[in-house]
Amino acid sequence: MDLQKFGEKVQKDLAHRKLELSRLTVAIQAPFADQSQKNLMCRATVVFTYAHWEGFVRSAGALYIRHINGQQIPVLKLKNCFQAAYVASHFKRAQNSLKVSFLGEVLTSIDADRKKVFSVTPGKYIDTESNLSSAVFQSLVTGLGLPYLDAYSTRQAFIDEKLVFGRNQVAHGELTAFNETDAAERLSAVRDLLDLYANQLLDAARDKTYVAS
């Protein structure tokens, strides 16, 4: 996937999600016949904001990996995180024996693989663990060879306490009530996070930061 197509796909995915989030913003601000309807919309917002958070992180990250795959770059010319992902199966082999001869064979195999063209399965590389906490997100971002931005760090409590915990409350059947202010704050904060992540990936692809310096 070339740079232009990568950018188009990321922007299309982002636009679709932000449109749905904007529609939810309008919906929760609309007049309701009774409080129960408003409560229902606010609870639905809790689920949707998390869904778009996890969904976009996973889909945009996978697109980024597809873009790197398409560059036909030898593994050894990429950042260490990508090299490690490519040869990860050899690390598991090395656990089976500490014999010098066996480990020598493993090292030879790793060296051979590092000369191959990089290509991994995007869906396996981008693992949100179905519970995209701030810790999982940080691991995913650094695994893509990207810096964990200060803007992410300042939102860690929101990610863990609002997005993840709130989603779990609703998904696990708890009858927790969420008000309009809380729902609006979630929608706004998630849009900001999606923009941050999208821009980081687009900039990284443009600048080829996946290449080893």
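- Q83 places a side-chain N or O within donor-acceptor distance of the main-chain N or O of L78, the cut-off being under 3.5 Å.
- If you check the side chains of D160 and S133, you find no donor sitting under 3.5 Å from an acceptor.
- The closest side-chain heavy-atom distance from D182 to T45 is not below 4.5 Å.
- The aromatic rings of H67 and F6 lie parallel to each other, with less than 30° between the two planes, well short of the 60° mark.
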### Task
Could you walk me through whether I126 and L144 pass the side chain to side chain contact (heavy atoms under 4.5 Å, CB included) test, one step at a time?
CA-CA 9 Å; I126 306 298; L144 290 172; 3.7 Å; yes

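- Residues passing the salt bridge (charged side-chain N to carboxylate O under 4.0 Å, His left out) test with R167, sequence neighbours excluded: none.
- You'll find the side chain of L14 reaches within 4.5 Å of the side chain of L194, heavy atoms only.
- Taking both residues in full, the closest heavy atoms of K38 and I28 are given as CE-O, 4.2 Å, listed atom of the first, atom of the second, then distance.
- Between the W53 side chain and the L132 main chain, a donor and an acceptor come within less than 3.5 Å of each other.
- Using modelled atom types, one side-chain atom of T25 and one backbone atom of L21 make a donor-acceptor pair closer than 3.5 Å.
- Residue G143 comes nearest to C81 through the heavy atom pair O-SG, 3.5 Å, listed as atom of the first residue, atom of the second, then distance.
- A donor-acceptor pair is defined here as one N or O able to donate and one able to accept, closer than 3.5 Å; such a pair exists between the side chain of T154 and the backbone of A151.
- The closest side-chain heavy-atom distance from L196 to R155 is below 4.5 Å.
- Between K5 and D2, no side-chain nitrogen of the basic residue sits less than 4.0 Å from a carboxylate oxygen of the acidic one, so the salt-bridge criterion is not met.
- The shortest distance between side-chain heavy atoms of R206 and D203 falls below 4.5 Å.
- Side-chain contact between Q200 and V141 is present, with heavy atoms from C-beta onward closer than 4.5 Å.
- A ring pair (Phe, Tyr, Trp, His ring centres under 6.0 Å) check over residues 144-163, counting only residues at least two apart or in different chains, returns the pairs F137-Y152, Y148-Y152.
- S119 contributes atom OG, which lies 12.0 Å from atom CD1 of I73 (distance to the nearest 0.5 angstrom).
- D127 contributes a side-chain N or O that, together with a main-chain N or O of E129, makes up a donor-acceptor pair within less than 3.5 Å.
- Residues satisfying the salt bridge (charged side-chain N to carboxylate O under 4.0 Å, His left out) test with D192, not counting sequence neighbours, are none.
- Looking only at distances, no side-chain donor or acceptor of Q156 sits under 3.5 Å from a matching main-chain atom of S134.
- Shown here is D150, whose CG atom has no more than 12 heavy atoms of other residues, nucleotides or ligands within 6.0 Å.
- Distance CD/E20 to OG1/T49: 11.0 Å, rounded to 0.5 Å.
- The aromatic rings of Y86 and F118 sit tilted, their planes meeting at an angle between 30° and 60°.
- Counting heavy atoms of neighbouring residues, nucleotides and ligands inside a 6.0 Å radius, atom OH of Y210 exceeds 12 of them.
- No side-chain donor-acceptor contact under 3.5 Å links N131 to the backbone of V164.
- The NE2 atom of H16 lies 6.0 Å from the NE2 atom of H52; values are rounded to the nearest 0.5 Å.
- The side-chain contact (heavy atoms from CB on, under 4.5 Å) test with Y64 is passed by exactly one of L202, V10, L201: L201.
- Under a 4.0 Å N-O distance rule, the pair R58/E54 qualifies as a salt bridge.
- Under the 3.5 Å distance criterion, the side-chain polar atoms of Y197 are matched with a main-chain donor or acceptor of V57.
- Ion pair D195/R191 not flagged as a salt bridge, since none of the NZ, NE, NH1 or NH2 atoms sits closer than 4.0 Å to an Asp/Glu carboxylate oxygen.
- Between L63 and R66, some side-chain heavy-atom pair lies under the 4.5 Å cut-off.
- Of all non-hydrogen atoms in M1 and Q71, the two that sit nearest each other are O-NE2, 3.4 Å.
- Although no hydrogens or angles enter the test, the distance criterion places a donor-acceptor pair under 3.5 Å between the side chain of K79 and the main chain of G145.
- Although no hydrogens or angles enter the test, the distance criterion places no donor-acceptor pair under 3.5 Å between the side chain of Y125 and the main chain of G61.
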